[in-house]
Amino acid sequence: MPDAAPTLWDLQRLIERNHTDSRDDIIDLKAQVARDAAALAAQMERFVLREVYDVREAAMLLRITNLEDAAKSSRTTVRGAVYAAGGSVIATILATILLAVIFKGGKP
C-alpha cells in the first residue's frame, strides 16, 4: 500500500530523524563558522591599522631627518678639523721657513 497515509509512528520517526539531521547540520555549521572566524582572526592579525602605520611612518621619517642632520653636522665638524689640520701643517711649514731665514741671517 504505497498510497496509504503514514501512521503517527511513521510521522514521529520522520520528525525525529529530521530533527537529528538538522541538529547535526547546525553543529557542523557552527564548527565551520568557528574555524572560519579563527582563520579570519589569524589573517587580521597580520595587518596593521592605518593609524598605526601612519604613526610608525612619521616616526621613521623623523628618525631619518635626525640622522641626516647628524650626518650633516658630522661632515661640518670633520671639514673644520681637516681645515684646522691643513692650516696647522701650513703654519708649521711657514714657521720653519721663517725661522730658517731668520737664523741664517736672511741668506738662503
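Just so you know, residue 1 is the first one in the sequence shown, and it goes up from there. Everything numeric in this text was worked out from a predicted model, so none of it was measured.
A single hydrophobic cluster is seen to contain both Val89 and Ile97, as judged by linkage of ILVMFWY side chains at heavy-atom distances under 4.5 Å, directly or through other members.
Qualifying side-chain hydrogen bond (donor to acceptor under 3.5 Å, both in side chains) partners for Glu51, counting only residues two or more places apart in sequence or in other chains: none. Under the side-chain hydrogen bond (donor to acceptor under 3.5 Å, both in side chains) criterion, Thr96 pairs with no residue at all, not counting sequence neighbours. Taking the side chain to side chain contact (heavy atoms under 4.5 Å, CB included) definition, one finds that Ser73 meets it with Thr77, sequence neighbours left out.
Atom CG of Asp69 is separated from atom CD1 of Ile64 by 12.0 Å, given to the nearest 0.5 angstrom. In this structure, CZ on Arg50 lies 4.5 Å from CG on Asp54, to the nearest 0.5 angstrom.
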Listed pairs under 3.5 Å, donor-acceptor, residues 9-22 side chains, sequence neighbours left out:
{"residue": "Asp10", "atom": "OD2", "partner": "Thr7", "partner atom": "OG1", "Å": "3.2"}
{"residue": "Gln12", "atom": "NE2", "partner": "Glu16", "partner atom": "OE2", "Å": "3.2"}
{"residue": "Asn18", "atom": "ND2", "partner": "Leu14", "partner atom": "O", "Å": "3.4"}
{"residue": "Thr20", "atom": "OG1", "partner": "Glu16", "partner atom": "O", "Å": "2.9"}
{"residue": "Ser22", "atom": "OG", "partner": "Asn18", "partner atom": "O", "Å": "2.8"}

Would you be so kind as to tabulate the donor-acceptor pairs closer than 3.5 Å made by side chains of residues 27-40, with sequence neighbours excluded?
none

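Hydrophobic side-chain contacts under 4.5 Å tie Ile90 into a cluster, directly or through other members, with Leu94.
Taking a 6.0 Å sphere around CZ of Arg23, one finds it holds more than 12 heavy atoms contributed by other residues, nucleotides or ligands.
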